[in-house]
Amino acid sequence: MEYFVKSGNPEKQRVACVIVGIFDRRAPSEAAETIDRAGDGIIGSVMRRGDMDGKLGQTLLLHNVPGTFADRVMLVGLGKERSFDEAAFRKAMIASAKALRATGSIDAVNFITHLPIKGRDYQWNVQQAALVTEDTYYRFDECRGEKAREDLPVSKLERYTFDVPRRSDLPAGEKGLAEALAIAKGVNLAKNLANLPGNLCTPTYLAEQALKIGKAGSGIKTKVLDTAEMEKLGMGSFLSVARGSSQPPKLIIMEYLHGPKDEKPIALVGKGLTFDAGGISIKPAAQMDEMKFDMCGGASVFGALTAIAELKLPLNVVGIVPATENLINGDAVKPGDIVTSMAGITIEVLNTDAEGRLILCDALTYAEKFYEPSLCVDMATLTGACVVALGSHASGLFANNSALARALLAAGEQIGDRAWELPMWPEYDENIRSDFADVANIATRGGREAGAIIGATFLHRFTRKMKWAHLDIAGTAWVGKKASGRPVPQLSQWLINVAAKKTEE
């Protein structure tokens, strides 16, 4: 499907469907009023009959409306006008996208993007409209049989246009659309990788996909380290997790270096556990299938780099993904084992299911040693405790730099992929003190308290020399049995903002 931005009159659109909004208590938007006047009050009469009262997310399809050139006019409920905000806008766009797909329309023009939202402009309106539409229309059918795929319903929609009020608003709308399509490409890539089952999406498969991206003219250069190379670097922590699997681990490094040559890069580090059974500290069987999503942090690195490459942002960004499985065999790491990280810090492994931090710590050390990043952000489905704390609406954010934390939080609010900052005070260091090694991989004091903070505190031991932030995406990376693509939007918007700020300077 192709997307467009233009400025026109709703009653003059020669398309299969024109979409306009109705506020609660039957109050038409300006575009709806225009069509109502052209159609001799048809929308008003429909509302008086009670078929549309403007409740948020409600839709109604009208055919052959007099005075218009469109085959259909779709009315979309916007809720109360005084409380029409970012969330209501997104819900209205989702409702219109779902209803539009159910029609036989091959093209459509949406006028909900005309509506003003406090603190936002038409660039934001169009960006959000395209993002939520792409998210709504996303499907994953890779693993269905050939016959089953042939029988799946196919949308007829080929062209979708978001309208803006004035021609002078077109540049802003077009910029918003370009950003949305780049971010959506990254989100869809992250979803596709995460939705694949663990028998297909192995560490080797992830590495192969990274190499393909590097060869596809994306401006990204990829290299992959194997076990022998990681052993030479002293990545004892990462490799201890991989010991229980027959799948070889991979350290994937993706370089997007299109900023000033003398400028230190931004590092994105993502947990790439392609399947996590917990190791010897095995997980319960219930919902263990969802542990294919334990590589969503790594998938987000793929997605964010894809998005900024599409936008050709003038930045230096390096993505690092430690990829492995956490399974059980006779060589698997055992509770009580002590391993030595690349940083030389020894770790007492008290729970083999707290493995994400064991692979991330070596990847973070690699980033620090070989790239000396200006900023470093890692993202990981790290702790169930973060799900308990924040649910599925916000990712957990931890940072040792307040400016970086504020920038990530602002980007999340801006694009609708929110995070919430949690503390990481020095007092928590005592909770991971080991009697036998430099540090333990779970709390040795405080029991089950503050699990998400303990995970972040562990990682901070390896990031003290960097301006660093950690996103715990255990509650946001997937919904039900489907990957969400988060936090690709937040990361992409943050990098867009970083690039814009550099341009202003």
Side-chain angles (χ1 to χ4, degrees), residues 3 5 121 123-124 126-128 130-131 134 171-190 210 212-223 252-270 297-321 367 371-379 401 403-404 406-417 419 466-469 471 485-505:
Y3 291 91
V5 179
D121 56 16
Q123 178 180 336
W124 185 92
V126 173
Q127 183 208 59
Q128 289 296 304
L131 278 175
E134 278 289 292
E174 288 166 352
K175 185 176 182 182
L177 180 59
E179 290 177 352
L181 295 182
I183 294 169
K185 184 175 181 179
V187 168
N188 289 346
L189 173 60
K212 279 185 182 179
I213 291 171
K215 294 176 182 176
S218 62
I220 296 170
K221 294 181 180 179
T222 301
K223 60 182 176 181
I252 302 164
I253 302 104
M254 305 169 74
E255 297 178 339
Y256 175 86
L257 304 177
H258 294 274
K261 289 186 178 180
D262 60 345
E263 189 171 86
K264 292 181 178 179
I266 294 169
L268 302 179
V269 181
S300 295
V301 172
F302 280 66
L305 282 168
T306 296
I308 66 171
E310 282 287 306
L311 292 170
K312 295 180 169 59
L313 295 186
L315 295 173
N316 295 326
V317 182
V318 175
I320 300 173
V321 179
Y371 292 99
E372 297 181 351
S374 58
L375 300 168
C376 179
V377 180
D378 79 67
M379 62 257 20
N401 180 271
L404 176 57
R406 287 195 301 271
L408 286 166
L409 290 170
E413 288 288 346
Q414 184 177 349
I415 203 164
D417 182 5
M466 298 188 287
K467 293 179 181 178
W468 162 80
L471 287 166
R486 296 175 68 182
V488 173
Q490 180 188 23
L491 295 170
S492 302
Q493 186 65 64
W494 171 59
L495 292 169
I496 289 169
N497 295 347
V498 169
K501 189 174 181 180
K502 288 182 181 295
T503 302
E504 291 170 4
E505 293 171 353

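FYI, side chains are in, hydrogens and waters are out, and symmetry mates aren't considered; it's all heavy atoms of this structure. Owing to the predicted nature of the structure, the values given are computational and were not obtained by experimental measurement.
The list of salt bridge (charged side-chain N to carboxylate O under 4.0 Å, His left out) pairs with a residue in residues 297-306, not counting sequence neighbours, is empty.
Ile266 has its side chain within reach of Ser374: a pair of non-hydrogen atoms, C-beta onward, lies under 4.5 Å apart.
Rounding to the nearest 0.5 Å places CE of Met254 at 13.5 Å from NZ of Lys223. Once rounded to the nearest 0.5 Å, the distance linking NZ of Lys467 with CG of Leu375 reads 6.5 Å.
Applying the side-chain hydrogen bond (donor to acceptor under 3.5 Å, both in side chains) criterion to Trp494, with sequence neighbours excluded, gives no partner residue. For the side-chain hydrogen bond (donor to acceptor under 3.5 Å, both in side chains) test, residues two or more places apart in sequence or in another chain that qualify with Gln123 are Glu179. Under the side chain to side chain contact (heavy atoms under 4.5 Å, CB included) criterion, Ala469 pairs with Val377, Leu397, Ala399, Leu404, Leu408, sequence neighbours left out. Shown here are the side-chain hydrogen bond (donor to acceptor under 3.5 Å, both in side chains) partners of Asn497, two or more places apart in sequence or in another chain: Gln414, Gln493. Applying the side-chain hydrogen bond (donor to acceptor under 3.5 Å, both in side chains) rule to Gln490 yields no partners; only residues at least two apart in sequence or on another chain are considered. Remark: Lys215 engages no residue in a side chain to side chain contact (heavy atoms under 4.5 Å, CB included) (not counting sequence neighbours).
The heavy-atom pair separating Val269 from Ala367 by the smallest distance is CG2-CB, 4.4 Å. In terms of heavy atoms, Ile183 sits closest to Ser492 at CG1-CB, 3.7 Å.
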Which atom pairs, donor and acceptor, lie under 3.5 Å between side-chain atoms of residues 298-318 and protein residues at least two apart or in another chain?
{"residue": "Ser300", "atom": "OG", "partner": "Cys296", "partner atom": "O", "Å": "2.8"}
{"residue": "Ser300", "atom": "OG", "partner": "Arg486", "partner atom": "O", "Å": "3.4"}
{"residue": "Thr306", "atom": "OG1", "partner": "Phe302", "partner atom": "O", "Å": "2.8"}
{"residue": "Glu310", "atom": "OE2", "partner": "Lys185", "partner atom": "NZ", "Å": "2.8"}
{"residue": "Asn316", "atom": "OD1", "partner": "His258", "partner atom": "N", "Å": "3.2"}
{"residue": "Asn316", "atom": "OD1", "partner": "Gly259", "partner atom": "N", "Å": "2.8"}
{"residue": "Asn316", "atom": "ND2", "partner": "Pro260", "partner atom": "O", "Å": "2.8"}
{"residue": "Asn316", "atom": "ND2", "partner": "Glu263", "partner atom": "O", "Å": "3.0"}

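Screening Ile415, Val187, Leu471 against Pro487 for a side chain to side chain contact (heavy atoms under 4.5 Å, CB included) leaves a single residue, Leu471.
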